[in-house]
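As the structure lists them, so they are numbered: ligands from 1, and atoms in each ligand from 1. Below, all heavy atoms of this structure are taken into account, side chains as well, without hydrogens, waters or symmetry copies. Because the structure is a prediction, the values reported are computed rather than measured.
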Amino acid sequence: MAEKNARQIAPAQGKLGVLCVGLGAVATTFIAGVENIRRGAARPIGSITQMGTIRLGKRTEKRAPLIRDFVPLAALEDLVFGAWDPIPDDAYTAALRAGVLDRHEHVEPIAAFLKAIKPMPAVFDQSYVKRLEGKNVKPGSSKRELAEALRKDIKQFKTKQKCDRLVMVWCASTEIFISPGPSHWTLDAFEKAMDANDPTIAPSMLYAYAAIMEGVPFANGAPNLTCDFPAMEQLAKSKGVPIGGKDFKTGQTMVKTVLSPMFKARMLGVAGWYSTNILGNRDGEVLDDPESFKTKEESKLGVLEYILQPQLYPELYGKMYHKVRINYYPPRGDNKEGWDNIDIFGWLGYPMQIKVDFLCRDSILAAPLVLDLALFYDLSQRAGLSGIQEWLSFYFKSPQVAPGLYPEHDLFIQQTKLKNTLRYLMGETQITHTDLEYYQEA
Ligand SMILES: NC(=O)c1ccc[n+]([C@@H]2O[C@H](COP(=O)([O-])OP(=O)(O)OC[C@H]3O[C@@H](n4cnc5c(N)ncnc54)[C@H](O)[C@@H]3O)[C@@H](O)[C@H]2O)c1
């Protein structure tokens, strides 16, 4: 039986503006995908909000509605899109250039729609993304001024597009590695650092700051330090804005967070895990720069440590060697190939190997995540949730968590967390999978 204590959730009325920072491969695949789906020309495969169901109550009740029928999400018809990019190409040109979608099947039929999406001038500084050059950039003498210019863009977009609500998703390039420091501890320090053009304030942080100040939920699809530090977390709480991220969990890391819980569940040891990737899109080119790669590497390396818990199982995982490589290889474009060689050991220490060769399409995997995040972040805000949304860690390589908590990386624990949060929001009983009542006398 459903509980009667569902959370109050404002209805998803009116238009939801989705602001993408970056109008590259992921953003255009997402936007063009939604438009094709709206026109009945394609299916939203990979999207939990569109295709997923949720079991409610006992198995005997046979209640498993679609998630989008269970929770009040914005309808695809109500989405409108905006973007910033230092490269001035409109969404049509950018989609063709990215080369992900079939030109004749999924781009030309919606050409007019895509051509109307022109990127706003970006807050961009090449010292944070070394391999990119762009001319569609905002002038500004201080970082504070640039953040204020973004706030103005947000307000204008909302009015011009007649949006009720907005969400922002970082779909832009991976910035150089920055460690959190004193300028990130408090809002006061952060704002002073903006005024002083402190190099520890990256462009992505200015977008996050502008979004939160405008009451717009912010999700970070890349591994850069952006909204995951105390100043931003406090600001989000005080403004009642949901935030989180970072780095979409799409290909190799998704596989890693499924296989490693399997080894741990069966108490199989792991001696080594060697992961390598080749990809030839612009993201690959940006990640070819060692400073951007370091940001990505940290995000990709973290997952095994947390899942396998070598401190609890030193015999099984204490000596594990973990290596991640990304190689820019232009002929492959967006069609990444990720290889994993995993050296495991079993009963009495006998060695075995598993090889994974994932021939994936990076942006095809990422686009449905952008859609789900936009819809779920909007839901969070309408449900009165603010600050870090750990229940959406399902979508991220480096989930954001409260201070003192370690991130939960296991994909299926993350899925349980997500679905149980939806049950909680709607006042449904949590599913524990104990089920003793079917077998034991009361
Ligand atoms: N595709 C995936 O599976 C996947 C998975 C995890 C993370 N990501 C991350 O998502 C991001 C987007 O990937 P992509 O393949 O679309 O890359 P892309 O290079 O095609 O697009 C990124 C766009 O961001 C723009 N940009 C850079 N700095 C900007 C700024 N300051 N403001 C506005 N725009 C800016 C670039 O000009 C570019 O057009 C990357 O950071 C990537 O690492 C992608």
May I ask whether Lys397 has any heavy atom positioned less than 4.0 angstrom from an atom of ligand 1? yes
Can you report which non-hydrogen protein atom sits closest to atom 4 (C) of ligand 1, along with the distance? Thr250 OG1, 4.1 Å
List every atom of ligand 1 that sits less than 4.0 Å from any heavy atom of Val21, numbering the atoms from 1 in the order shown and giving each element. 32 (N), 33 (C)
Heavy-atom distance to atom 11 (C) of ligand 1: which of Ala83, Ala172, Ala202 wins? Ala172
Listed partners of Arg39 passing side-chain contact (heavy atoms from CB on, under 4.5 Å), at least two apart: Glu35, Ile110, Phe113
Stacked cation flag Lys249 on Phe396, 6.0 angstrom / 45 deg: no
Measure the distance from atom 21 (O) of ligand 1 to every protein heavy atom, then report the residue, atom name and distance (to 0.1 Å) of the closest one. Gly24 CA, 3.3 Å
Identify the protein heavy atom lying closest to atom 20 (O) of ligand 1, giving its residue, its atom name and the separation to 0.1 Å. Ala25 N, 2.8 Å
Numbering as shown, the atoms of ligand 1 that approach Asp247 to under 4.0 Å (heavy-atom distance): 6 (C), 7 (C)
Pull out every atom of ligand 1 sitting under 4.0 Å from any heavy atom of Trp84, numbered as shown with elements. 33 (C), 34 (N)
Using modelled atom types only, decide if a donor and an acceptor are shared between the side chain of Asp372 and the backbone of Ile48 within a distance under 3.5 Å. yes
Under 4.0 Å between a Lys/Arg side-chain N and an Asp/Glu carboxylate O for Asp362 and Lys336? yes
Looking only at protein heavy atoms, which one is nearest to atom 28 (N) of ligand 1, and what is the separation? Phe124 CD1, 3.5 Å
Salt-bridge criterion met for Arg151 and Glu148 (N-O under 4.0 Å): yes
Would you call the rings of Tyr406 and Tyr306 parallel, tilted or perpendicular, taking 30° and 60° as the class edges? parallel
Among non-hydrogen protein atoms, atom 27 (C) of ligand 1 lies closest to Ser173 OG, 3.1 Å
May I ask you to identify the nearest protein heavy atom to atom 34 (N) of ligand 1, giving residue, atom name and distance to one decimal place in Å? Pro86 CD, 3.2 Å
Close N or O approach (Ala27, ligand 1; < 3.5 Å): no
Okay, side chain of Thr295, backbone of Phe177: is any donor-acceptor separation there less than 3.5 Å? yes
Pairs of nitrogen or oxygen atoms closer than 3.5 Å, one from Ala222 and one from ligand 1: do any exist? no
Within 4.0 Å of some non-hydrogen atom of Ile87, the atoms of ligand 1 are 37 (O)
For atom 38 (C) of ligand 1, grab the closest protein heavy atom and report residue, atom and distance to one decimal in Å. Arg282 NH1, 3.1 Å
Is Cys171 near ligand 1, meaning one of its heavy atoms is under 4.0 Å from it? yes
Side chain, backbone, both or neither: which part of Tyr128 comes within less than 4.0 Å of ligand 1 when only heavy atoms are counted? neither
Inspect the contact between Glu337 and Arg332 and indicate whether a charged nitrogen and a carboxylate oxygen are less than 4.0 angstrom apart. yes
Taking only non-hydrogen atoms of Ala366 and a 4.0 Å limit, the atoms of ligand 1 in range are 1 (N), 2 (C), 3 (O)
Using heavy-atom distances, let me know which of Val286, Asp362, Asp283, Thr253 sits nearest atom 17 (O) of ligand 1. Asp283
Donor-acceptor under 3.5 Å (Arg423 side chain, Arg55 main chain): yes
Quick one: which of Asp85, Val123, Val100 has a heavy atom closest to atom 23 (C) of ligand 1? Asp85
Can you check whether Asp289's main-chain N or O pairs, donor with acceptor, with Ser292's side chain at less than 3.5 Å? no
Hey, does Asp334 come in under 3.5 Å of ligand 1, counting only N/O atoms on both sides? no
Check Glu77 with Arg38, please: is the shortest side-chain N to carboxylate O separation under 4.0 Å? no
Of the protein's non-hydrogen atoms, which lies at the shortest distance from atom 10 (O) of ligand 1, and what is that distance? Gly221 O, 3.9 Å
Going by side-chain contact (heavy atoms from CB on, under 4.5 Å), name the residues that satisfy it together with Pro182, two or more places apart in sequence or in a different chain. Trp185
By number and element, which atoms of ligand 1 are closer than 4.0 Å to a non-hydrogen atom of Leu132? 27 (C), 36 (C), 37 (O)
Atom NZ of Lys155 and atom CD of Glu214: how far apart are they, to the nearest 0.5 Å? 4.0 Å
Looking only at side-chain N and O atoms, does Asp247 offer a donor or acceptor that is under 3.5 Å from a partner on Ser398? no
Show which atoms of ligand 1 fall inside a sub-4.0 Å distance from at least one heavy-atom site of Ala122. 32 (N), 33 (C)
